[in-house]
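Beneath this line is the structure, given in C-alpha cells, with notes to follow.
No hydrogens, no waters, no symmetry mates; every other heavy atom, side chains included, goes into these values. For ligands, and for the atoms within them, numbers begin at 1 and follow the listed sequence.
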Amino acid sequence: MKFHIITFGCQMNVHDSQWLARALEARGWEEAAEDEATVYILNTCSVRDKPEQKVYSELGRIARHAKRDSRMFAAVGGCVAQQVGPEFFNRFPFVRLVFGTDGIANTPNALERLAEGAEDRVKLLDFMDIYPERDAAVDESTTLPETRQAFVNIMQGCDNFCAYCIVPYTRGRQKSRHPDAVVEECRALAANGVRELTLLGQNVNSFGMDSGGVDVSFAELLRRVAAIEGIDRLRFTTSHPKDIADEVIEAFGELDNLCPSLHLPMQAGSDAVLKAMRRKYDMERYLDIVDRLRQARPDICLTTDLIVGFPGETEQDFERTLEMVERVGFESSFSFKYSDRPGTASVNMEPKVDPTEAQSRLERLQELQNAITKQSLKKLVGLPAEVLVEGRSRKQEGDGVSWRGRDAAGRVVNFTSRRESLTGRIVPVRIVEAKKHSLTGERTGEPW
Ligand code: SAH
Ligand code: SF4
Ligand code: F3S
C-alpha cells in the first residue's frame, strides 16, 4: 500500500509522522509522492486558527484523488483531529480514520484494517493515563537518516493551561515516559550511528512532575542521556521558564555534549500580560534565568516564542516586550499574532486588540528581531565552529560542493568542500560571513 504523509505543527508532530512512516514501512507499506498514494495521512496542528484552516483546504485539495482511485482514503491525526473528532467523517467522506496523539501507537494497525476493508471508519481519540509506549523506533536493521540526527519523545501532553493555548486540550494531561524507555531508545539510536539527539516534550522541565509514577527529574534524565557513548550533541525542547531547575541551568556548564542553545518561550515582556496569560513567572524571574544561563555557558544562544496582541495588551505592554527582547538579545524568535482558540480561557478575555494594531505590533517586533539577529550573527565572523552536515546546500555555485549544516548552537552554516560526501560528518570551519539568517564558513583543519 502506498501512503503519503502531510505534517503541520511542532517538532512533536514531525517526530510522530516520522515514527508512523517507519511503522508502516515495517508492515511493508511504501511512502510515495502525493499523486501516487492510496492512503493520505494528515498530521495536524491547532495552535492557531491558520494551521487549522489549512487542514480543511488540504482535505479539499486531496479530495480529487478520491475521484481518481476508489480505494483512496485519508486519515486525520494530531491536534485538529483531537479537537474536531468524528465531525471529519461527515465533512469529508473519504476520511476514514481520526486519531489523537495518544492513539498514534494503534494507528498503523487501524490503517491496515481499513486498507483491508475489515473496517469502515475508526476513531482513536481516547486519552491515556500513562505514556502510551509505541513499537521501538529502531532495531539493528533500521536504516536511519544520513544526517544522524534523531528526536526522542520524553513525555506527552501539558498541564499548564496557559490562557491562550489549546495544547492541553488537544494533547491531554502531561504524562512522563519511563526514563529507562527513554534511555534505551537513545542507546539504540546511538548504536545505529545517531550522533545528535533532541529530547522532546511540550514542557520538558516538568518531566517527572506528573502523576505517572516517574521519580526521576529532567536534570537526571539529561545526565543519563548525555552519558551515552556516541552522542556528540544533545538538545531538548520546549522549556517552560517556570519549571527550569537550577541543575538544568548548571548542566549547560557541565555537560560537554549539551549544545549551547536554549529555546525559552518568553511570550510577552510585561508582567501584567504574563499574569493574564497565566504563565506563572514574571520578568524578574525570566531575566534571572537568562543571567544564570549565561554565567553557566557564556556562548549560549537563546531563542524564544512571542505573542503580540493578547487580549488587554496595551501599547505600553507591547513596548515592554520590545524592551525585553532587546535586553535579552534573543538570536532569533518565533512571533505570532494572538489567535482565539476554542475552549481556552482567553477567548472570554477583553478587550481584544484590533487586528490591524496587532499586525503593526508584529511587524515592529519582527523588525527589531531582524536587527538583533543580524548583529548577533555578525559577532560570529572570524570565530571557529563545528558543523554537523545535514546535506547539500540548495544553491550550488563555484568550485566544489556547497554543504549545509548546523553549528553546535543550531545555526545554519554553509561551506564548500571538494569532498563528495560529508552528510552526517562534523566538519570544523571558520565563520567568514554573516547572512540574514545563516552563516558562511570556510573549512579549517584537514585540507578538504
Ligand atoms: N509548549 C510550548 C509551546 C507550544 S505552542 C511552550 O510552552 O513553550 C508554540 C507557540 O505557539 C507558543 O509558545 C506560543 O507562542 C504560540 N501560541 C500558542 N497558542 C497561541 C495562540 N492562541 N495564539 C497565538 N500564538 C499562540
Ligand atoms: Fe501551551 Fe502553555 Fe502548555 Fe506550552 S506550556 S503547550 S504554551 S499550555
Ligand atoms: Fe500544534 Fe499540537 Fe504541536 S497544536 S504546536 S501540533 S502540540
Side-chain angles (χ1 to χ4, degrees), residues 6-17 42-55 76-84 99-102 104 151 153-175 199-207 209-210 236-244 262-269 273-274 276-281 286 302-311 313 321 325 330 333-349 352-353 355 358-359 361-362 365:
I6 301 166
T7 307
F8 302 99
C10 58
Q11 280 170 322
M12 277 141 275
N13 262 19
V14 173
H15 175 57
D16 285 349
S17 292
L42 263 75
N43 200 1
T44 64
C45 172
S46 187
V47 81
R48 284 168 292 277
D49 187 52
K50 233 193 207 160
E52 182 187 343
Q53 295 312 321
K54 262 205 113 174
V55 176
V76 183
C79 291
V80 184
Q82 194 75 54
Q83 177 201 338
V84 175
F99 63 97
T101 336
D102 283 6
I104 201 162
F151 295 127
N153 258 347
I154 67 164
M155 65 207 311
Q156 207 124 278
C158 180
D159 284 350
N160 285 319
F161 292 93
C162 301
Y164 50 81
C165 186
I166 200 168
V167 172
Y169 306 94
T170 58
R171 296 296 236 225
R173 291 294 60 69
Q174 178 182 304
K175 298 170 279 278
L199 305 180
L200 290 180
Q202 284 299 347
N203 181 14
V204 292
N205 292 302
S206 65
F207 179 83
M209 295 190 209
D210 44 273
F236 57 85
T237 200
T238 305
S239 292
H240 192 307
K242 85 176 160 62
D243 292 324
I244 194 163
L262 183 67
H263 187 68
L264 192 64
M266 182 176 99
Q267 311 298 2
V273 174
L274 287 172
M277 285 178 164
R278 305 185 181 163
R279 289 290 286 178
K280 303 191 184 82
Y281 54 85
Y286 190 93
L302 297 174
T303 57
T304 201
D305 288 348
L306 300 158
I307 297 176
V308 300
F310 185 79
E313 183 189 70
T321 299
V325 164
F330 295 108
S333 59
F334 295 110
S335 43
F336 311 101
K337 263 183 294 181
Y338 167 78
S339 161
D340 257 344
R341 304 308 291 134
T344 61
S346 57
V347 168
N348 301 317
M349 293 182 182
K352 299 286 190 240
V353 173
Q359 179 62 29
R361 287 181 192 172
L362 185 69
L365 175 59

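No close placement of the His263 and Phe236 rings is indicated, their centers lying 6.0 Å or farther apart.
At a heavy-atom distance under 4.0 Å, only side-chain atoms of Pro265, from C-beta outward, approach ligand 1. Residue contacts with ligand 1, taken as heavy atom pairs separated by less than 4.0 Å, involve Arg341 solely via side-chain atoms from C-beta onward. At a 4.0 Å heavy-atom cut-off, ligand 1 touches Phe336 through the side chain alone. The part of Arg279 lying near ligand 1 is the side chain, judged by heavy-atom distances below 4.0 Å. If you look at Val167 next to ligand 2, the close heavy atoms, those under 4.0 Å, all belong to the side chain. Using a 4.0 Å cut-off between heavy atoms, Phe161 contacts ligand 2 through its backbone alone, with no side-chain atom that close. Contact annotation: for Met12 versus ligand 3, there are no heavy atoms closer than 4.0 Å. Counting heavy atoms under 4.0 Å from ligand 2, residue Pro265 does not touch it at all.
For the pair Met349/Phe310, a side-chain contact is recorded, criterion being any heavy-atom separation below 4.5 Å from C-beta on. Looking only at side-chain heavy atoms (C-beta outward), Arg361 and Val353 come within less than 4.5 Å of each other. Counting only heavy atoms from C-beta outward, the side chains of Asn203 and Thr238 never approach each other to under 4.5 Å. Side-chain contact between Pro168 and Asn160 is absent, with no heavy atoms from C-beta onward closer than 4.5 Å. At least one side-chain heavy atom of Thr237 sits less than 4.5 Å from a side-chain heavy atom of Leu200. Between Gln156 and Met12 the shortest side-chain heavy-atom distance does not fall below 4.5 Å.
For Gln267, the closest heavy-atom approach to ligand 1 falls below 4.0 Å. Judged by the shortest distance from any of its heavy atoms, Met277 lies outside the 4.0 Å radius around the atoms of ligand 1. Not a single heavy atom of Val167 sits under 4.0 Å from any atom of ligand 1. Put simply, part of Thr238 is less than 4.0 Å from ligand 1, judged by heavy atoms. Ligand 2 lies nowhere less than 4.0 angstrom from a heavy atom belonging to Arg171. In this structure, Lys337 has a heavy atom closer than 4.0 Å to ligand 1.
In summary, Asp159 and Lys242 do not engage in a salt bridge, as defined by a charged side-chain N under 4.0 Å from a carboxylate O.
Ligand-side atoms of ligand 3 in range of Val47: 1 (Fe), 4 (S), range being under 4.0 angstrom from any heavy atom. The atoms of ligand 1 that sit less than 4.0 Å from any heavy atom of Asp305 are 9 (C), 10 (C), 12 (C), 13 (O), 15 (O).
A cation-pi arrangement is present between Arg48 and Phe336, with the terminal nitrogen or guanidinium carbon under 6.0 Å from the aromatic centre and inside a 45° cone about the axis.
Remark: ligand 1 and Arg48 share an N or O pair separated by less than 3.5 Å (distance only, no angle test). Considering backbone and side-chain N/O of Ser239, none are found under 3.5 Å from N/O of ligand 1. Every N/O-N/O distance between Tyr338 and ligand 1 stays at or above 3.5 Å.
Side-chain contact check for Glu313 and Tyr338: no donor-acceptor pair (N or O, by modelled atom type) lies under 3.5 Å. For the residue pair Gln83 / Ser46, a side-chain donor-acceptor distance below 3.5 Å is found, with atom types taken as modelled. Remark: the Asn205 side chain and the Ser239 side chain contain an N/O donor-acceptor pair separated by less than 3.5 Å.
Regarding atom 19 (N) of ligand 1, its nearest protein heavy-atom neighbour is Tyr164 CD1, 3.2 Å. With hydrogens left out, the protein atom closest to atom 3 (Fe) of ligand 2 is Cys158 SG, 2.3 Å, a heavy atom.
Note on Cys162: not counted as a metal contact of atom 3 (Fe) of ligand 2, no N/O/S atom lying under 2.8 Å. Coordination check, Cys10 versus atom 2 (Fe) of ligand 3: failed, since every N/O/S atom of the residue sits at 2.8 Å or beyond.
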If you apply the rule salt bridge (Lys or Arg N to Asp or Glu O under 4.0 Å), what do you find for Lys175 with Asp102, and how did you get there? CA-CA 10 Å; Lys175 298 170 279 278; Asp102 283 6; 3.0 Å; yes
